[in-house]
Number of protein chains: 2
Amino acid sequence: MDNLDRQIIEQLRLNARAGYGDIGAVVGLSASAVKRRVDRLVETGVIRAFTIEVDPAVDGLVVEAYVELFCRGTVAPDELRRLLSTVPEVVDAGTVTGSADAVVHLRARDIPGLEDALERVRVAPNVDHTRSAIVLSRLIKRDPR
Amino acid sequence: MDNLDRQIIEQLRLNARAGYGDIGAVVGLSASAVKRRVDRLVETGVIRAFTIEVDPAVDGLVVEAYVELFCRGTVAPDELRRLLSTVPEVVDAGTVTGSADAVVHLRARDIPGLEDALERVRVAPNVDHTRSAIVLSRLIKRDPR
DNA sequence: CCTGAAAACCGGTAAGC
DNA sequence: GCTTACCGGTTTTCAGG
């Protein structure tokens with residue numbers, strides 16, 4: 001992971017379909033050198049995936065909510081992760097400091113879809129109650145930099 | 001935007017570097033047909049970008065927090081958006097239902113960086129107080145579907 | 001709007017520095 | 001570890017249905 005790798009990552013972030021030669025022209029490397037570095041970055045897990053960013057409205061996933069999870073007793077992060085990964089509406093989630101045990105960011109097609117997803121989140125072991133904040137208007141949405 | 005387009009988007013989501021021929025083989029179209037559809041999807045803004053998903057630890061952005069904003073009086077979403085867009089640590093944010101006025105998702109290099117970002121968020125007009133939940137362990141992290 | 005073919009172009013490998 | 005060179009495959013364009 002040197003500076004060259006970081007430049008390559010930056011280029012791929014801007015355009016994941018950029019040719020190796022094009023990237024090389026920017027960072028000052030030959031196409032094959034770039035390829036080997038990209039392969040290594042994928043191999044080592046630095047680059048997790050080549051994807052596209054799609055207009056969320058296309059999916060019809062427009063209703064969002066931030067949900068706090070309050071659990072009884074101890075929470076096993078691994079178990080929580082396993083459960084949450086079965087709910088596709090979960091955009092991101094993490095255990096947190098404060099009175100809540102975890103925060104879950106949901107995105108669903110509509111309000112019933114959100115309610116349904118929340119229902120599935122609630123079956124997590126030891127969930128005492130939840131506290132939801134439905135998003136009225138999205139203010140910021142950046143790439144997961 | 002028909003079903004074919006949706007299938008193509010699904011394939012590109014799985015691998016943004018997939019060949020047009022390969023995609024065509026899956027969805028039942030020739031390479032050139034796939035290319036024209038992809039071009040059109042980019043043209044019309046359905047596909048916003050071809051990107052890579054990078055291990056966040058690489059950026060050194062490992063400290064995250066969900067922050068609730070409580071404001072005095074009315075909140076102007078546009079003004080809030082303008083302010084939050086000046087804070088690069090803001091990953092996503094939205095005005096919400098419930099006792100809080102907005103939820104802001106922050107990601108910073110370290111705790112001091114998080115504190116600094118929070119400081120900059122707090123200068124938003126009419127902010128009365130904030131309530132932060134620092135992420136202890138990230139459970140889920142999906143593409144911005 | 002699709003297919004199929006032809007030309008240009010790029011990715012992947014191998015040899016050499 | 002990088003570069004140049006080469007071959008095979010893919011992209012891209014275009015004529016035709």
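Naming convention: chains lettered A, B, ... in sequence-line order (proteins, then strands); numbering from 1 in each chain.
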Handout entry: Closest approach of Arg13(B) to Thr51(A) (non-hydrogen atoms, all atoms of both residues)
Key =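 Heavy-atom minimum between the residues: O-CG2, 2.6 Å.
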Contact list (N/O, under 3.5 angstrom) for nucleotides 1-6 of chain D vs protein:
from: dC2(D); atom 1: OP1; to: Arg37(A); atom 2: NE; distance (Å): 3.1
from: dC2(D); atom 1: OP1; to: Arg37(A); atom 2: NH2; distance (Å): 2.7
from: dC2(D); atom 1: OP2; to: Arg36(A); atom 2: NH2; distance (Å): 3.2
from: dT3(D); atom 1: OP2; to: Ser30(A); atom 2: N; distance (Å): 2.8
from: dT3(D); atom 1: OP2; to: Ser30(A); atom 2: OG; distance (Å): 2.9
from: dT4(D); atom 1: O4; to: Ser32(A); atom 2: OG; distance (Å): 3.1

[atom1] of [X] versus [atom2] of [N]: gap in Å, rounded?
X: Lys35(B); N: dA5(C); atom1: NZ; atom2: P; value: 20 Å
X: Arg17(B); N: dT10(D); atom1: CZ; atom2: P; value: 14 Å
X: Asn3(B); N: dC1(C); atom1: CG; atom2: C1'; value: 17 Å
X: Met1(B); N: dC1(C); atom1: CE; atom2: C1'; value: 17 Å

Exercise for the section: Would you please confirm or rule out a distance under 4.0 Å between OP1 or OP2 of dT12(D) and any side-chain N or O of Tyr20(B)? Expected result: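 Answer is yes, contact under 4.0 Å.
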Practice task
Nearest 0.5 Å please: distance from the CG atom of Asp22(B) over to the CZ atom of Arg17(B).
Solution key: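 Here the interatomic distance stands at 13.0 Å.
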Handout entry: ILVMFWY clustering at 4.5 Å (side-chain atoms), partners of Leu14(A)
Key =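 Grouped by the 4.5 Å side-chain rule, Leu14(A) forms a cluster of one, so the answer is none.
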Problem - Linked hydrophobic residues, Ile111(B) as query - side chain contacts closer than 4.5 Å - result: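 Besides Ile111(B), the hydrophobic cluster comprises Leu139(A), Ile140(A), Val62(B), Val63(B), Val67(B), Leu69(B), Val75(B), Leu80(B), Leu83(B), Leu84(B), Val87(B), Val90(B), Val104(B), Leu106(B), Leu114(B), Leu118(B), Val121(B), Val123(B), Val127(B), Ile134(B), listed by chain and residue number.
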Problem - Any side-chain heavy-atom pair of Leu41(A) and Arg48(A) under 4.5 Å - result: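 They are not in side-chain contact.
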Handout entry: Axis bend over the full length of the helix from dC1(C)-dG17(D) to dC17(C)-dG1(D), computed from five pairs that close each end, to 10 degrees
Key =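 It comes to 30° between the two terminal axes.
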Exercise for the section: Can you sort out the partners of Asp110(B) under side chain to side chain contact (heavy atoms under 4.5 Å, CB included), two or more places apart, ordered by chain and number? Expected result: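 Partners of Asp110(B) by the side chain to side chain contact (heavy atoms under 4.5 Å, CB included) criterion, ordered by chain and then number, come out as Pro112(B).
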Problem - With Glu115(A) via side chain to side chain contact (heavy atoms under 4.5 Å, CB included) - residues at least two apart - result: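 Expected list: none.
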Handout entry: Thr86(B) and Arg120(B) side chains, donor-acceptor separation under 3.5 Å
Key =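 No, because no side-chain N or O of Arg120(B) sits under 3.5 Å from a partner of the opposite role on Thr86(B).
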